[in-house]
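The structure appears right after this line, and notes come after that.
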Amino acid sequence: MRTLELLAPAKDKTVGIAAIDCGADAVYIAGPVLGNRKAACNSLEDIRELCDYAHLFGARIFLTVNTIVRDDEWEEAHSLMLEAQDAGVDAIIFREEGLLRFGDVQMPMHASTQCAIRDVERARHFESLGCERVILERGLSLEDVRKICAGVRCEVEFFVHGALCVCYSGDCRLSEYLDGRSADRGDCIQACRSLYDLVDESGKVLVRDKALLSMRDFKLLDRLEELAEAGVSSFKIEGRLKNASYVKNVVREYSLALDALVQKYPERYRRASFGTVRGGFTPDSDKTFNRGYTQWWLDGKRDKWSSMDAPKAMGELVGEVQGVRPLPGGAVQVQLRPSVRGLALSNGDGFAFVSGSAIRGFRADRCEGLSIICKKVEGLRPGVRLYRNINAAFERELEARSPKREVDVAVDVEISGSFVIKLIAATEDGRRVESCFNADVEKAQNLERSEAMLREQLSKRSGVYHFVVRSVSCGSSMPLLSASTINSMRRLLAQDIDSCRPEPWRVERSVPAAVSERPALPREELMRTRYCVKFELGMCQRYQGAAPSGRLYLVNNGRRLPLGFDCRSCEMTVGRED
């Protein structure tokens, strides 16, 4: 039987705990340095607290140490990994092979997607170095994934949701070239979301002010079964800079989908952690941040993948502006012609629309039916297609109806004649605990009532444990126990269960004899990608029968970046200025 893991992002401890509560089997998070997200650093103390919480449910915490390490940072990286190990971290996600040289780091090592793992040979390379897991490039087909899974014995992790880098993972120097801020050091300026002109070799502007490199977001919610069959063990959600509501919503949606897959094939799969998620909101990833969705290269065929008109989150299309009426005080009343049946708007909803080459947004001060009262917004006029990118009612539901995650515990109660009470607890993850209590009290006069009270008070939640009394064996006598005494027994039993949690996963790793430099892009290339500007604009000779275009350039702030088209491999490159 194979375990299936839902791996969630966390920018901090609070988001990590929320992800676990919503069903994540593992969380990846950065420490104070070298985590490849300058805006999402965390103290080792917070990491320790997150580990303690995750381990209550058999969930795991992975620390990202996935930047390029400078020559003067190797000792700092080594110390960070040892401190993380002491804090209870379960694995390191790394980029630099040099980190494998530290033999006293006994955590499993996971080769990051930034290691450019796109084929069996590259995956086997990291397996040979002792890696327990390889994390694949996102722009792979299902057949590519299947071949890699069949070609290695280690675990395979694959992204299933979130933002897409237009380039191959870890192979981008565009941000550093344009602004001096390196994506390899966690300081990407997201140049792929910037506006560009497309210019031909004569200087003619073919397209003006479009986010020509911006892609839609990844969503493989309906492809999890195929990926599991291909051999994927870990299903990863992107988003270490996303807020708690985004992570909660997406994690809950994918956790329910994995639960359904396990229920469909109970003899084949099981979840990697335990605990039952109860209550909460109804998830819907269409109602949270996204640029529109794509399945990228999963089917191994070209499609329209760009979000060049909307590099920011537009949200769900709600309708078309029918009229705009001025109101006193500089406000306006916007009448909406809905595109969604039964559309309900709420005070505080956020809206977006495209005006020329810009995306404009505003918040609703008040909504009355299909009328929106807001401040005057430039470009908002009849005929504009309106999107809702903040659903205030849904955000309130996410905040108010957070689910609870509990570990089910079956309890058998045995009471001897001398009123020695033995509680025998079996947790859903296989732990078994026996706790004995001496009850120096009177005999209960009403046996049935006292037993009912014992069942009721024991069958409550203590911390994360949800107790269910399976049997009570007391013969003909029963002690007279107060509710507070039974509650104390339940809390002590929970402590005994806590004390027998397994230790974090540690491995005896052999230090590789040699590590190699990662393959680099040719110097003239800033990025290489499956995405193709020509195809997105209907200019592809191969698939769309378009006429030859000659050299093409992206122009931004006077800088002219040449585009290259490798039609044999169906790839595009962005180069340095001529």
query: Side chains of Ser214 and Arg193: do they bring a donor and an acceptor to under 3.5 Å?
result: yes

query: Where the side chain of Thr294 meets the backbone of Phe218, is there a donor-acceptor pair that is under 3.5 Å apart?
result: no

Carboxylate-amine/guanidinium contact Arg528 Asp566, below 4.0 Å: yes

message: Using a 3.5 Å distance criterion without hydrogens, assess whether the side chain of Asn556 forms a donor-acceptor pair with backbone atoms of Leu195.
response: yes

task: Would you indicate whether Arg385, at its atom CZ, is surrounded by more than 12 heavy atoms from other residues, nucleotides or ligands within a distance under 6.0 Å?
output: no

message: Taking atom CZ as the centre, does Arg559 end up with more than 12 heavy-atom neighbours from other residues, nucleotides or ligands that are less than 6.0 angstrom away?
response: yes

Separation between CZ of Phe394 and OG of Ser346, rounded to the nearest 0.5 Å: 12.5 Å

Ser355 and Arg381: side chain donor to acceptor below 3.5 Å: no

statement: Scanning both residues in full, the closest heavy-atom pair of Leu4 with Ala228 reads CD2-CB, 4.3 Å

- prompt: Does Arg173 pair with Asp184 as a salt bridge, N-O distance under 4.0 Å?
  reply: no

query: Is the closest basic N to carboxylate O distance between Asp309 and Lys210 below 4.0 Å?
result: yes

message: Parallel, tilted or perpendicular, judged at 30° and 60°: which one describes the rings of Tyr246 and His161?
response: tilted

field: Basic-acidic side-chain contact under 4.0 Å: Asp197, Arg560
entry: no

field: Those residues that, when tested against Val318, pass side chain to side chain contact (heavy atoms under 4.5 Å, CB included) (two or more places apart)
entry: Glu316, Leu336, Leu343, Phe351, Leu386, Arg388

query: Do Lys219 and Val160 touch side chain to side chain, with heavy atoms closer than 4.5 Å?
result: no

task: Provide the closest heavy-atom pair for Arg252 versus Pro403 in the form atom of the first, atom of the second, distance.
output: CD-CG, 4.4 Å

Pair Glu406-Thr276, side-chain donor/acceptor within less than 3.5 Å: no

query: Sequence neighbours excluded, which residues qualify as side chain to side chain contact (heavy atoms under 4.5 Å, CB included) partners of Thr14?
result: Asp12

field: Asp299 (side chain) donor-acceptor with Lys301 (main chain) under 3.5 angstrom
entry: no

query: When you check the gap from the basic side-chain N to the acidic O, do Asp408 and Arg278 get nearer than 4.0 Å?
result: yes

- prompt: Between the side chains of Thr573 and Glu525, is a donor N or O closer than 3.5 angstrom to an acceptor N or O?
  reply: no

task: Could you tell me whether the side chains of Gln295 and Arg223 share a donor-acceptor contact shorter than 3.5 Å?
output: yes

- line: On a heavy-atom basis, the closest approach of Pro9 and Arg240 is CB-N, 3.7 Å

task: Give me the one residue out of Arg270, Arg60, Lys236, Arg271 that meets salt bridge (Lys or Arg N to Asp or Glu O under 4.0 Å) with Asp25.
output: Arg271

query: Should we count CD of Glu399 as having more than 12 external heavy atoms under 6.0 Å?
result: no

message: For a quick check under 3.5 Å, do Tyr254 and Asn249 share a side-chain donor-acceptor pair by atom type?
response: no

field: Heavy-atom neighbours of Lys204 NZ exceed 12 at 6.0 Å
entry: no

message: Using salt bridge (charged side-chain N to carboxylate O under 4.0 Å, His left out), reason through Arg37 and Asp187 one step at a time and then give a plain yes or no.
response: CA-CA 7 Å; Arg37 292 292 188 278; Asp187 204 17; over 6 Å; no

query: Do other residues, nucleotides or ligands put more than 12 heavy atoms under 6.0 Å from the CG atom of Asp222?
result: yes

Distance-only polar pair, side chains of Ser402 and Lys248, donor-acceptor under 3.5 Å: yes

Check against ring-ring contact (aromatic ring centres under 6.0 Å, His included), Tyr53 and Phe57: CA-CA 8 Å; Tyr53 189 77; Phe57 306 99; 5.6 Å; yes

message: Just checking Arg568: does its CZ atom have more than 12 heavy atoms from other residues, nucleotides or ligands closer to it than 6.0 angstrom?
response: no

Partners passing side chain to side chain contact (heavy atoms under 4.5 Å, CB included) against Asp365 (at least two apart in sequence or in another chain): Lys375

query: Any side-chain heavy-atom pair from Ser141 and Leu298 closer than 4.5 angstrom?
result: no

query: Is a side-chain donor or acceptor of Tyr177 paired with a backbone partner of Glu577 at a separation under 3.5 angstrom?
result: yes

message: I need the Ser182 OG to Asp179 CG distance, nearest 0.5 Å.
response: 11.5 Å

- prompt: Any sub-3.5 Å donor-acceptor pair from Asp171's side-chain atoms to Met527's backbone N or O?
  reply: no

- prompt: What's the spacing between Arg95 CZ and Ser112 OG if we round to 0.5 Å?
  reply: 7.5 Å

- prompt: Hey, does Asp21 have a side-chain heavy atom less than 4.5 Å from the side chain of Val277?
  reply: no

- request: Please determine, by modelled atom types, if Glu571 and Tyr168 share a side-chain donor-acceptor pair under 3.5 angstrom.
  value: yes

- request: Look at atom CZ of Arg2 and say whether more than 12 heavy atoms of other residues, nucleotides or ligands are closer to it than 6.0 Å.
  value: yes

message: How about CZ on Arg208, more than 12 heavy atoms from neighbouring residues, nucleotides or ligands closer than 6.0 Å, or not?
response: no

query: Is the Lys NZ or Arg CZ of Arg360 less than 6.0 Å from the centre of Phe353's six-membered ring, within 45° of the axis?
result: no

message: Looking at Glu395, is its backbone amide N or carbonyl O close enough to the side chain of Ser245 to form a donor-acceptor pair, meaning the two atoms are under 3.5 Å apart?
response: no

Check: Arg118 and Asp144 side chains under 4.5 Å, non-hydrogen atoms: no

field: Distance (rounded to the nearest 0.5 Å) between Ile117 CD1 and Arg133 CZ
entry: 12.0 Å

task: Spell out, as yes or no, whether a donor-acceptor pair under 3.5 Å connects the side chain of Glu137 to the backbone of Gly139.
output: yes

query: Within the side chain of Asn42, is there an N or O that forms a donor-acceptor pair under 3.5 Å with the backbone of Pro32?
result: no

query: Looking at CH2 of Trp305 and CG of Asp217, how far apart are the two atoms once the value is rounded to the nearest 0.5 Å?
result: 15.0 Å

- prompt: Would Gln114 and Ser169 count as having a side-chain donor-acceptor pair, cut-off 3.5 Å?
  reply: no

- request: Supply the atom-to-atom distance Lys147 NZ to Leu140 CG, rounded to the nearest 0.5 angstrom.
  value: 11.5 Å

